[in-house]
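Down below is the structure, laid out as structure tokens.
Lettering of chains follows the sequences in order, A, B, ..., and the numbering in each one begins at 1. Heavy-atom basis, side chains included; hydrogens, waters and symmetry copies ignored.
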Amino acid sequence: MMGKRLKPMMFNARRAYVELMFQVMGRALQAISEVDESTRSETIELPDGFLFEMRVMPHGPALIVEHTGTGRLLYHGDEPPRPVDLSIQFKHIAHAFLVLSFQEKTAVAFANDRMLVDGDISYAVRITRVLNRLESFILPKLVAQRAVKEYPANIKLPEKLVRAARIYLKVATNFVETARS
Amino acid sequence: MTNKYYEFFCPVKVIAGKSALEHMPYELTGLASERPMIVTDKGVRAAGLLDPVIAACKEGGLEIASIYDEVPPDSSTTVVREIARIYRAEKCDSIIAVGGGSAIDTGKAVNILVSEGGDDIAEYSGAGVLKRPLKPFFVVPTTAGTGSEVTSVAVITDEKKNVKLPFTSSFLLPNAAIIDPRMTLTLPPHITAATAMDALTHATEAFTCMAKNPLSDAYATAALKKISHSLLAVMANPKDSAGRLELAQASTMAGIAFSNSMVGLVHSLGHATGAICHLPHGMCMSIYLPYVLEFNLESIREPLGELLLYLEGPEVYSATPASHRAEGSIAAIRKLRDRLFELCELPRTLKETGKVLEGQLDSIAKLALDDGSIMFNPREVSLEDAKTVLQRAWG
């Protein structure tokens with residue numbers, strides 16, 4: 001009985017968590033493209049104005065990001081200003097939750113058919129590398145190891161702390177600016 | 001609770017063995033097909049491989065309504081549009097693709113246009129665009145390697161934009177794959193070797209990459225066993241039709257395995273090398289396989305060790321300590337490549353191909369990093385890693 005009552009609450013909490021994580025990730029993607037040279041060397045290969053989304057099927061939470069040029073990314077919230085060039089779609093909110101709560105690595109989620117890619121697969125591979133780098137910086141190493149296929153050996157602690165601090169600061173600032181506007 | 005999850009799907013009816021072609025009229029009429037169109041290439045026709053297909057249909061009371069035999073090695077949107085036009089003009093109602101990867105991919109793309117309508121195949125590019133079954137589609141492979149007869153993917157070049165358009169949908173899978181030993185009996189030795197190594201790579205990567213699953217594992221190991229048993233026998237005696245059938249079945253089984261568990265870095269490097277240096281796909285697979293397995297070794301030690309049983313047989317497997325079996329599998333693959341080099345000069349290194357320049361390795365590495373299959377490689381691959389593997393494969 002209690003379980004039946006709790007289930008809708010669980011579903012709502014899961015959905016809220018995925019929405020929040022998309023908002024954090026979208027802003028963090030924008031931030032890492034501003035503070036990390038290696039990320040920009042990946043994103044600069046995307047066409048200018050390239051718009052990509054991560055979305056939960058069919059009409060679930062989403063994050064939309066645009067490459068504005070010179071490797072810089074811009075977070076657009078959950079509504080694309082025009083049709084996207086690349087869409088990475090989770091088949092179900094439960095699958096998005098598995099990945100965003102670091103119970104399943106992004107690469108494993110792809111391997112497990114949790115996600116669909118609609119668009120140029122080479123760009124999806126590139127964006128996955130950026131996501132991995134972001135997670136390696138902003139998550140504690142133990143958690144990041146659960147999120148990425150292989151934790152990069154070349155990220156040293158001082159660099160990680162400085163980059164993470166700058167990314168989180170920018171994310172927080174962006175949240176505040178969004179709330180004000 | 002386990003975190004394991006997998007999907008496995010293969011609805012293709014496999015019609016394999018002696019007189020398999022003669023089953024086609026029955027199978028086609030069972031799908032209400034009366035006017036099939038054959039899609040093939042000039043090489044297949046010149047080798048006389050269409051004759052048994054046409055004869056089998058005719059004798060079974062089914063007339064081939066049209067034959068298109070000008071599929072190029074890299075099929076294009078223009079070719080697909082032209083074949084679709086002929087299909088409609090001749091009032092065909094089904095497609096039989098006879099050939100290797102290009103003819104089969106072309107057949108899949110033509111089937112989209114003639115089933116869904118329109119002239120621009122690019123409109124259907126991408127994943128999951130198709131929402132309903134297409135016209136009856138049969139595939140008769142004439143090589144034993146690509147496994148395209150059981151994959152749900154087609155790649156067609158858009159000449160105007162100079163890009164390769166991918167099409168992915170389970171509706172692209174043929175209704176039936178006809179595996180008849182007559183169709184591969186005349187394959188020249190170097191193509192037999194390269195395509196068999198392609199199938200061996202499909203099976204090995206399917207068994208060792210991230211999306212491996214119990215069902216694809218079963219197909220992969222069975223395919224490896226058949227290739228290990230039959231490849232050298234067929235190379236010694238090309239008219240060995242039983243051995244040919246084993247290789248053809250192995251190719252289909254490896255195709256079923258990798259289309260359900262994907263492939264890894266060998267394919268990423270192979271696709272990039274094919275695009276930049278225009279080396280045949282099977283040759284690239286044969287070159288890169290041992291070097292990539294060495295790179296992945298510590299991540300795949302257990303499954304790779306298991307493969308020794310299928311590569312070398314139970315005696316060698318049981319005589320090899322468990323801790324050395326993975327290295328034993330790599331050694332077995334190297335031994336097979338050495339033997340193929342002796343028999344038909346199938347290159348073992350990039351240098352031996354005579355078609356790759358050392359200066360191209362950096363471009364190959366860069367392109368390989370963006371290949372979709374790299375996502376399923378068990379180890380993360382950096383640009384430096386890819387360059388290191390390429391340098392080892394250089395020779």
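- When all heavy atoms of V125(A) and G372(B) are compared, the pair lying nearest together is CG2-CA, 3.8 Å.
- The two residues A111(A) and A211(B) come nearest to each other via the heavy atoms O-CB, 3.5 Å.
- Looking at V108(A), both its backbone and its side chain come within 4.5 Å of chain B, counting heavy atoms on both sides.
- For P378(B), the part sitting under 4.5 Å from any heavy atom of chain A is the backbone (N, CA, C, O) and nothing else.
- The line from CG of L369(B) to CD of E42(A) is 7.5 Å long, rounded to the nearest 0.5 Å.
- Proximity to chain B (any heavy atom under 4.5 Å) is restricted, for N132(A), to the side chain, taken from C-beta onward.
- Residue contact with chain A, scored on non-hydrogen atoms closer than 4.5 Å, is absent for L165(B).
- Heavy atoms of M262(B) lying under 4.5 Å from chain A are absent altogether.
- Interatomic distance, CG of N112(A) versus CE of M210(B), reported as 8.0 Å (0.5 Å rounding).
- The CD1 atom of I374(B) sits 12.5 Å away from the CD1 atom of I121(A) when rounded to the nearest 0.5 Å.
- The shortest non-hydrogen separation linking E7(B) to K91(A) is OE2-NZ, 3.4 Å.
- Heavy-atom contacts from other residues, nucleotides or ligands closer than 6.0 Å to CD of E302(B) number 12 or fewer.
- Taking OH of Y5(B) as the reference point, atom CD of E104(A) lies at 10.0 Å (rounded to 0.5 Å).
- Pairing each heavy atom of K149(A) with each of N377(B), the nearest pair is NZ-O, 2.6 Å.
- Taking CD of E45(A) as the reference point, atom NZ of K366(B) lies at 4.0 Å (rounded to 0.5 Å).
- Sparse packing is recorded around CZ of R392(B), with 12 or fewer heavy atoms of other residues, nucleotides or ligands lying under 6.0 Å away.
- For the pair V381(B) and E150(A), the minimum side-chain heavy-atom distance is 4.5 Å or more.
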